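The structure under discussion appears below in the form of structure tokens.
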Amino acid sequence: MYSIHEDNVELKQLKGRSYKLLGCEDTIGCKNMNMGVSFFPPGLHAPGHIHETEEEVVYCMQGSGELVIDGKSEKINPGTVVYMPPKSLHSVNNTGKETIKLLFIFSPGVKIGQYGDHESK
């Protein structure tokens, strides 16, 4: 299978967010990367976390808030792209009134939720 639609993927939960893993080995066969969409409800904070070896890029599709990377706040709104290098502590705060929807891409692929949450200081 080379394609999949977001509506056909199970919504899964993590602290402060939910997500759908769309592009991975189990869905469309990606072996060296994965991608999906995350949803951050208004007023919630997704705890900081670190990916030891993976690069992550997110594209804001909907909503507004901030993405904090190693203590530096980056404002996000539709059209914003943010890069998180390996070993960076990052978190999302929804400061707006609607759900933030982020497209995320990891290289190499990461096992979602298999990394430890760390609170930003």
Side-chain angles (χ1 to χ4, degrees):
M1 177 185 312
Y2 293 107
S3 67
I4 195 164
H5 193 278
E6 179 183 338
D7 291 344
N8 298 324
V9 176
E10 178 186 359
L11 184 67
K12 297 184 179 182
Q13 300 296 316
L14 287 172
K15 187 173 182 180
R17 63 206 181 274
S18 58
Y19 72 96
K20 291 184 176 189
L21 187 56
L22 304 171
C24 66
E25 195 160 5
D26 294 338
T27 57
I28 58 174
C30 299
K31 294 185 186 335
N32 300 307
M33 62 178 288
N34 58 21
M35 60 87 56
V37 289
S38 293
F39 305 90
F40 302 84
L44 287 186
H45 164 75
H49 60 276
I50 296 170
H51 308 288
E52 289 297 322
T53 60
E54 300 85 9
E55 294 181 292
E56 182 179 11
V57 173
V58 297
Y59 174 76
C60 186
M61 302 172 70
Q62 168 188 305
S64 62
E66 66 177 352
L67 210 154
V68 180
I69 306 168
D70 290 332
K72 183 177 183 238
S73 176
E74 301 281 345
K75 298 289 185 199
I76 56 172
N77 56 46
T80 304
V81 175
V82 181
Y83 167 69
M84 282 134 317
K87 299 187 187 312
S88 63
L89 176 61
H90 53 281
S91 64
V92 175
N93 297 313
N94 186 335
T95 58
K97 296 183 182 195
E98 69 177 314
T99 296
I100 295 173
K101 182 178 183 180
L102 296 179
L103 171 72
F104 62 83
I105 301 171
F106 288 102
S107 179
V110 67
K111 293 201 184 293
I112 306 295
Q114 300 278 323
Y115 36 81
D117 284 345
H118 306 273
E119 276 306 313
S120 299
K121 297 183 181 181

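Every heavy atom of this structure was used, including side-chain atoms; hydrogens, water molecules and symmetry mates were not. These numbers were taken from a predicted model, which means no experiment stands behind them.
Using a 4.5 Å cut-off on side-chain heavy atoms (C-beta onward), Met61 and Val37 make contact. When side chains are defined from C-beta on, Leu21 counts as touching Tyr19, because their heavy atoms get closer than 4.5 Å. Side-chain contact between Val68 and Asn93 is present, with at least one heavy-atom pair separated by less than 4.5 Å. Looking at heavy atoms from C-beta onward, Thr80 lies out of side-chain contact with Lys75 at the 4.5 angstrom threshold. Residues Val81 and Val57 form a side-chain contact, since some pair of their non-hydrogen atoms from C-beta on lies under 4.5 Å apart. Annotation: side chain of Val58 is in contact with side chain of Val82 (closest heavy-atom distance under 4.5 Å). When side chains are defined from C-beta on, Met35 does not count as touching Ser107, because their heavy atoms never get closer than 4.5 Å. Side-chain atoms of Thr53 and Pro86, non-hydrogen and from C-beta on, never get closer than 4.5 Å to each other.
Considering CD1 of Ile4 and CD1 of Ile28, their distance stands at 7.5 Å, rounded to 0.5 Å. One finds the OG1 atom of Thr27 at 11.5 Å from the CG atom of Asn8 (value rounded to the nearest 0.5 Å). Remark: Arg17 CZ to His45 NE2 distance equals 9.0 Å, nearest 0.5 Å. Within the model, atoms CD of Glu56 and CG of Leu67 stand 8.0 Å from one another, a figure rounded to the nearest 0.5 Å. Here the NZ-OG distance, from Lys97 to Ser64, works out to 10.0 Å after rounding to the nearest 0.5 Å. Here the straight-line distance linking atom OG1 of Thr99 with atom CZ of Phe40 works out to 10.5 Å at 0.5 Å rounding.
Salt bridge annotation for Glu52-Lys87: present, with a cationic side-chain nitrogen under 4.0 angstrom from a carboxylate oxygen.
Under a hydrophobic-cluster definition in which Ile, Leu, Val, Met, Phe, Trp and Tyr are linked whenever side-chain heavy atoms come within less than 4.5 Å, directly or via other members, Leu44 and Ile76 are assigned to different clusters.
Between Gly96 and Pro42, the shortest heavy-atom distance links the atoms O-CB, 3.6 Å. Smallest separation of non-hydrogen atoms from Ile50 and Leu89: CG1-CA, 3.8 Å. Contact record, Ile69 with Met84: CD1-CG, 3.7 Å, taken as the closest heavy-atom pair. Gly16 and Pro41 get closest at one heavy-atom pair: O-CD, 3.8 Å. Summarising the geometry of Ser18 relative to Gln13, their closest heavy-atom pair is CB-NE2, 3.4 Å, with the distance given to 0.1 Å. For the pair Cys30 and Gly23, the tightest heavy-atom approach, listed with the atom from each and the gap, is SG-C, 3.9 Å.
Judged by distance alone, with hydrogens and angles left aside, the side-chain atoms of Glu55 form no donor-acceptor pair with the main-chain N or O of Tyr83 at under 3.5 Å. Of the possible donor and acceptor atoms, none in the side chain of Lys101 sits under 3.5 Å from a partner among the backbone N and O of Gln62.
Taking the six-membered ring where tryptophan is involved, the planes of His51 and His90 are tilted, since the angle between them lies from 30° to 60°.
Within a 6.0 Å sphere centred on CG of Asn32, heavy atoms belonging to other residues, nucleotides or ligands number 12 at most.
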